[in-house]
Amino acid sequence: MGAIIAWFKTWWSGICVDFTRSFIEDKRYLMLLEGIKVTILISLVSVIIGLIIGLLIALCNLSKKKGLRILGKVYTDIIRGTPSVTQLMIIYFVIFAKIDWPKWLIASIAFGINSGAYVSEIIRAGILSIDKGQTEAGRSLGLSQKQTMTNIIIPQAVKNIFPALCNEFITLIKETAIVGYVGLVDIQKAGDFIKSATYLAYMPLLGTAVIYFIIIKILIVLLGVLEARLRKSEQR
């Protein structure tokens, strides 16, 4: 028993030393805090861009005009058929190469464009899940096609697709871990810098994993509360 206790004390002492070297010395934790800000900022802006693009592309895919349907299909096929890291690098190093915009904004646009393709399919499925009778009822009340879609169909579809949209947002947060390819210091890149400075791998990697888990867990709880309120209002 004494040997086990002695081993545990030695192990715990080593953990404390590595933790101090990784996060406390030279105030390296500040790098992680900045990385958290960058990750959250890019994720929030990206999800807004993705929702706007997704809605527009979903309406294109549902349009009666062939040209709009082709546009929507080409967009979703290209975006879903290529890796997000490749899209990020093309948008940053090719499309925006000569435009002096903040790196985080360009990265947000890249992730928003990527997310928009998946959001469009979620929205399209949600709209198609609404009974056609709802559209007919709206038109019979004298509403135009646009008014019916805006005031009747989309509000109902939002409740159906909300869990899928939440999942897409969570996936988006994790995908932002590749922004280091364009020189942004997010959570993952901050962990890489700490790893290079301390020659310790497991502590920075474990730290970044814990941070991502906490952010996503908080988000899941908040989105769960919002979804419960939506369902509650639906039952009234």
Side-chain angles (χ1 to χ4, degrees), residues 38-130 132 134-135 144-184 186 219 223:
V38 171
T39 295
I40 293 177
L41 176 62
I42 292 175
S43 299
L44 289 176
V45 176
S46 297
V47 77
I48 294 172
I49 296 174
L51 285 172
I52 295 172
I53 294 176
L55 178 59
L56 294 176
I57 296 300
L59 294 177
C60 286
N61 289 331
L62 294 171
S63 175
K64 295 180 180 179
K65 297 181 179 180
K66 185 177 180 180
L68 291 177
R69 292 200 306 273
I70 293 175
L71 175 64
K73 181 173 176 54
V74 170
Y75 171 81
T76 53
D77 284 349
I78 291 175
I79 298 300
R80 293 196 298 174
T82 54
S84 56
V85 64
T86 304
Q87 296 166 18
L88 173 64
M89 296 179 74
I90 289 174
I91 291 174
Y92 185 85
F93 291 110
V94 179
I95 298 176
F96 286 90
K98 297 182 179 180
I99 301 178
D100 188 21
W101 284 8
K103 291 182 179 181
W104 68 265
L105 180 57
I106 298 175
S108 298
I109 293 172
F111 285 113
I113 292 173
N114 177 271
S115 179
Y118 298 94
V119 171
S120 69
E121 289 300 291
I122 294 173
I123 295 176
R124 185 179 69 87
I127 292 174
L128 292 176
S129 69
I130 305 301
K132 291 184 179 180
Q134 298 290 324
T135 302
S144 65
Q145 182 70 30
K146 181 179 179 181
Q147 291 173 325
T148 302
M149 181 67 68
T150 303
N151 299 321
I152 297 178
I153 304 301
I154 291 181
Q156 294 184 68
V158 167
K159 295 180 181 180
N160 294 337
I161 66 177
F162 187 77
L165 288 176
C166 293
N167 186 63
E168 172 60 24
F169 188 22
I170 291 169
T171 301
L172 185 61
I173 292 176
K174 292 184 287 186
E175 284 187 348
T176 60
I178 63 174
V179 296
Y181 281 96
V182 296
L184 278 167
D186 67 326
L219 180 62
L223 292 176

Reported CG-to-CG distance for the pair L41 and L105, which is rounded to 0.5 angstrom: 9.0 Å
Atom OH of Y181 with >12 non-hydrogen neighbours under 6.0 angstrom: no
Check: L44 and F169 side chains under 4.5 Å, non-hydrogen atoms: yes
S63 (side chain) donor-acceptor with C60 (main chain) under 3.5 angstrom: no
Interatomic spacing from CD1 in I123 to CG in L55 - rounded to 0.5 Å: 5.0 Å
Min side-chain heavy-atom separation T76-N61 under 4.5 Å: yes
Pairwise distance CG(L184) to CD1(I42) - rounded to 0.5 angstrom: 5.0 Å
Non-hydrogen atoms of K64 and R69 that approach each other most closely: O-NH1, 3.0 Å
I178 side, atom CD1; D186 side, atom CG - distance, nearest 0.5 Å: 9.5 Å
Distance-minimising heavy-atom pair for I161 and G126: CG2-CA, 3.3 Å
Spacing of CD1 belonging to I127 relative to CG belonging to N160, to within rounding of 0.5 Å: 11.0 Å
Min side-chain heavy-atom separation K103-V179 under 4.5 Å: no
Heavy-atom closest pair, residues L62 and R124: CD2-CG, 3.7 Å
Non-hydrogen atoms of I99 and I95 that approach each other most closely: CD1-O, 4.2 Å
Enumerate donor-acceptor pairs with a distance under 3.5 Å from any side-chain N or O in residues 108-119 to protein atoms, sequence neighbours excluded.
from : atom 1 : to   : atom 2 : distance (Å)
S108 : OG     : W104 : O      : 2.7
N114 : ND2    : Q87  : OE1    : 2.8
S115 : OG     : E168 : OE2    : 3.0

Spatial distance of atom CG (L88) from atom CD1 (I106) [nearest 0.5 Å]: 9.5 Å
